[in-house]
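One structure is given below, encoded as structure tokens.
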There are 2 protein chains.
Amino acid sequence: MNHESPFYICHFLRIKLQFRFNSEVHFIGMESNVYTDGEHSECSERTVQLKNPHLGNMDEDVLYHLALGSKSHDLEEMFGDVKFVCMGGTPSRMKTFAYHIMDVLDYKLPVGAVISEITNYRFSLYKVGPVLSISHGMGVPSIGILLHEIIKLLYHAKAKDPVIFRIGTSGGIGVESGTVVISDNAVDGLGNHFYEVAVLGKIVRRPATFNMELIEQLKSCVDPNDSYETVTGTTMCANDFYEGQGRLDGAICDHSENEKMEYLAQLRERGVVNIEMEATVFAALTHHTGIRAAIVCTTLIDRLQGDQVMVTKDQMEEWQRRPQKLVGEYIKRSLQKKL
Amino acid sequence: MNHESPFYICHFLRIKLQFRFNSEVHFIGMESNVYTDGEHSECSERTVQLKNPHLGNMDEDVLYHLALGSKSHDLEEMFGDVKFVCMGGTPSRMKTFAYHIMDVLDYKLPVGAVISEITNYRFSLYKVGPVLSISHGMGVPSIGILLHEIIKLLYHAKAKDPVIFRIGTSGGIGVESGTVVISDNAVDGLGNHFYEVAVLGKIVRRPATFNMELIEQLKSCVDPNDSYETVTGTTMCANDFYEGQGRLDGAICDHSENEKMEYLAQLRERGVVNIEMEATVFAALTHHTGIRAAIVCTTLIDRLQGDQVMVTKDQMEEWQRRPQKLVGEYIKRSLQKKL
């Protein structure tokens, strides 16, 4: 497949056709009813632009935490067709999501082949046709590293107008456990609407802003027959799971139950629907580089009821599938041009 | 094994003897020449004290990210003998370290048994006799979650006077790649000697302080025949790998090469020997709960020479073994009472 051509998706379809009628063509890509439906206006879509004047001068760019490099790997050949990057905390969730996307896209591999991690060094990365599924670990610094390297990967690969999703878990505030939250706003632990990072010894702030059009598109993909609610609201991004989220059950706690409840009530009044640990940097880095991105989380607990996450394995797995279902539906409709 | 007794280690030795002469005793612990050497004054050592008045009132404590609980598991039976907790970024490094400790302690399993992860849900946890080996992911929030839960685990298990190590990777400043750094000081990206976290909407600061006696003991374990240097110095803890460490090769960069070099020179003048992403919270949470703890990192690059980590796999593995060797030697001598 020649990804240098701006018409590589059209070219891809030609190869696909060859595969069907010419057994001598070695085609190791996907066979998907969904991906090939609809109009192919992707041919004219724009590539990712970095906000870094230095990278153009570099002979090689090693994406250290992905165990990939711009010289050691043909990133355009490997990832030029990527349209969606989906991130979540754990390797197992992102493996499950990769299989879910195989179902959604009716993605077929040759007999005897299975999907396999491209890397599991620091993050666990899967590719299913135009979808990357990758774990991001926990917390702002971890997903920050991944975002820098994924954005550079999309740039090197000349991916066309990609969308990045985080499909996560969170603690809800005043919503039933298992509710799905689409973040339309992100605040840090002090209520600031930005991502703050020390650069060369000074604080730099970047707006933590989501793409409202994408949020509306996601909302349009919600299944009205779902047995649970899907809501939009502000997501608080904490830098700690225990003290930083007002919990009383860490190894260290200096505050009282009353102080905690007062704080959670204040958050709710300000429109905070859930608390997780990645939203500000996710919104800020994608917004700053002009990449459409959204966060869809399930809530594992209502923090107004308690601190401890006590969920059965089956319940946890079912709740974690809910954001996957919504993002999968978005991907399917997006490829079918039905949004 | 009855871990409730303050004499459980002595008791353990009795069971061990039974194992040798009575085939009906089911002994699934370890056989180790090192662990059973020396005097057993551990019998009088102190247990971990939490800084949280609420935990005593809780019926159960679910260590969510470790997939363990104080009711669902007999934590005292499983972990009461833990003396050392070793943490490092990746699951593969901590698996390697578990096998290294098996060698160091001459730890034997029954024929047909192998060590296996106790959990790999969010962190990857191994146990080799008195040593836990566990991955912590990347960044302050990730290792912060692990520290809260490991400290609670040690408390529930009634572990006696445990020591926690981080065996990590880092970027060096003005030292040859592969140098081993024992941190004797930790600063954040603004040069502050504390860990800062937003609790109930307000900033809380905790001193990031190391145990100087432990550092001296570690230094005494350095092999004078090593082909590389082991140094002590200040470790800077950044919240980002790219901009936050002054790199020029992220997806976003607003500063120049000259500004970066000036900043790195300033850090060096202030005694910063290496940069990683976990030191402040590691030092602060262990210091606040009175647990001896130390960080030993290898350096993968000299940042005065460049930004990109371009190391062969073999070189990387050899460099990563260096902190493991030092901490392994400390553990061996500690169990032999030869420090």
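Sequence lines set the chain letters: A, B, ... in the order given, protein chains first and strands last, and positions in each chain run from 1. If you're wondering where the values come from, they're calculated on a predicted model, not measured in any experiment.
Looking only at heavy-atom pairs under 4.5 Å with chain B, the residue among G137(A), P91(A), G69(A), P141(A) that has the most is P141(A). Ranked by non-hydrogen atom pairs under 4.5 Å with chain B, the options L267(A), L63(A), I203(A), V140(A) are led by I203(A). When the candidates G139(A), A238(A), G201(A), G144(A) are compared by the number of heavy-atom contacts under 4.5 Å with chain B, G201(A) comes out ahead. Your options are L190(A), L147(A), L50(A), and the one with the most heavy-atom pairs under 4.5 Å with chain B is L190(A). Contacts with chain A were tallied for L248(B), V281(B), V48(B); L248(B) has the most, counting heavy-atom pairs under 4.5 Å.
Here the closest heavy-atom approach between residue L55(A) and residue G250(B) is recorded as CD1-O, 3.5 Å. A251(B) and I151(A) make their closest contact through CB-CG2, 3.8 Å (heavy atoms, listed as atom of the first residue, atom of the second, distance). Closest heavy-atom contact between P53(B) and C253(A): CD-O, 3.5 Å. Listed here is the closest heavy atom pair of G246(A) and L200(B): CA-CD2, 3.7 Å.
Interface remark: L264(A) contributes no atoms to any contact with chain B (heavy atom separation under 4.5 Å). Contacts between V309(A) and chain B at a heavy-atom distance below 4.5 Å involve backbone atoms as well as side-chain atoms. With a 4.5 Å cut-off on non-hydrogen atoms, I150(B) does not touch chain A at all. The contact between L300(A) and chain B is made entirely by side chain atoms (from C-beta outward), counting heavy-atom distances below 4.5 Å. Interface residue V62(B): backbone and side-chain heavy atoms are both found under 4.5 Å from chain A.
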Are there donor-acceptor atom pairs under 3.5 Å between chain B and chain A, and if so which?
| from | atom 1 | to | atom 2 | distance (Å) |
| --- | --- | --- | --- | --- |
| K51(B) | N | A251(A) | O | 3.0 |
| K51(B) | O | C253(A) | N | 2.8 |
| N52(B) | ND2 | L248(A) | O | 2.8 |
| N52(B) | ND2 | G250(A) | O | 2.7 |
| H54(B) | NE2 | H255(A) | O | 2.7 |
| D61(B) | OD1 | Q308(A) | NE2 | 2.9 |
| V62(B) | N | Q308(A) | OE1 | 2.8 |
| R122(B) | NH2 | T169(A) | OG1 | 3.4 |
| H148(B) | ND1 | A251(A) | N | 2.9 |
| E149(B) | OE2 | Y242(A) | OH | 2.4 |
| K152(B) | NZ | D249(A) | O | 2.4 |
| T169(B) | OG1 | R122(A) | NH2 | 3.4 |
| R206(B) | NH1 | E243(A) | OE1 | 2.7 |
| R206(B) | NH1 | E243(A) | OE2 | 3.0 |
| R206(B) | NH2 | E243(A) | OE2 | 2.9 |
| R206(B) | NH2 | D254(A) | OD2 | 3.1 |
| Y242(B) | OH | E149(A) | OE2 | 2.4 |
| E243(B) | OE1 | R206(A) | NH1 | 2.8 |
| E243(B) | OE2 | R206(A) | NH1 | 3.0 |
| E243(B) | OE2 | R206(A) | NH2 | 2.9 |
| L248(B) | O | N52(A) | ND2 | 2.7 |
| D249(B) | O | K152(A) | NZ | 2.4 |
| G250(B) | O | N52(A) | ND2 | 2.7 |
| A251(B) | N | H148(A) | ND1 | 2.9 |
| A251(B) | O | K51(A) | N | 3.0 |
| C253(B) | N | K51(A) | O | 2.8 |
| D254(B) | OD2 | R206(A) | NH2 | 3.0 |
| H255(B) | O | H54(A) | NE2 | 2.7 |
| Q308(B) | OE1 | V62(A) | N | 2.8 |
| Q308(B) | NE2 | D61(A) | OD1 | 2.8 |

